[in-house]
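Worksheet for the structure shown next.
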Amino acid sequence: MLIDMTIADFLAKLASNSPAPGGGSVSALAVANAAALCEMVCNLTIGKEKYQEAEKELDTIGRTAAALQ
């Protein structure tokens with residue numbers, strides 16, 4: 001299963017003559033990376049006094065990003 005592969009194994013399989021993984025898998029990985037970065041920003045921001053007014057929204061965004069991963 002792709003999700004259980006190491007990065008090195010994924011890249012090796014991607015570079016091989018196998019039809020899968022392919023562009024769809026690479027796109028899905030890119031979206032998962034973007035979602036993880038979005039969640040990271042939320043986690044780094046939540047709890048900071050300067051952003052207290054946005055904390056509920058950041059929590060919602062962070063949870064959504066986690067689900068998208």
Side-chain angles (χ1 to χ4, degrees):
M1 192 167 195
L2 292 176
I3 197 161
D4 297 324
M5 291 180 143
T6 66
I7 293 170
D9 289 344
F10 178 81
L11 293 175
K13 186 79 169 168
L14 185 63
S16 76
N17 64 352
S18 174
S25 298
V26 171
S27 297
L29 180 58
V31 170
N33 283 321
L37 286 170
C38 183
E39 184 181 6
M40 179 186 74
V41 169
C42 291
N43 287 331
L44 288 169
T45 306
I46 291 172
K48 300 236 167 112
E49 189 176 329
K50 182 176 179 180
Y51 303 104
Q52 196 170 23
E53 290 180 22
E55 196 160 300
K56 268 185 150 176
E57 186 175 3
L58 289 166
D59 183 61
T60 300
I61 293 167
R63 289 175 190 270
T64 301
L68 291 171
Q69 290 178 56

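Contact between Ser25 and Leu2 at its shortest, heavy atoms only, is OG-CD1, 3.3 Å.
Tracing side-chain contacts under 4.5 Å through hydrophobic residues (I, L, V, M, F, W, Y), one reaches Ile7 starting from Leu29; they form part of the same cluster. A continuous path of ILVMFWY side-chain contacts below 4.5 Å connects Leu44 to Leu37, so both sit in one hydrophobic cluster. By the criterion of side-chain heavy atoms lying less than 4.5 angstrom apart, applied directly or through intervening Ile, Leu, Val, Met, Phe, Trp or Tyr residues, Leu11 is grouped together with Val26 in one hydrophobic cluster.
To the nearest 0.5 Å, the span separating CD on Glu39 from CG on Leu58 amounts to 12.0 Å. Note that OG1 of Thr6 is 12.5 Å distant from NZ of Lys13, once rounded to the nearest 0.5 Å.
Atom CD of Gln69 has more than 12 neighbouring heavy atoms from other residues, nucleotides or ligands inside a 6.0 Å radius.
Under 4.0 Å is where a charged nitrogen must lie from a carboxylate oxygen, and between Asp59 and Arg63 at least one such pair does.
Using a 4.5 Å heavy-atom cutoff, the side chains of Glu57 and Thr60 are not in contact.
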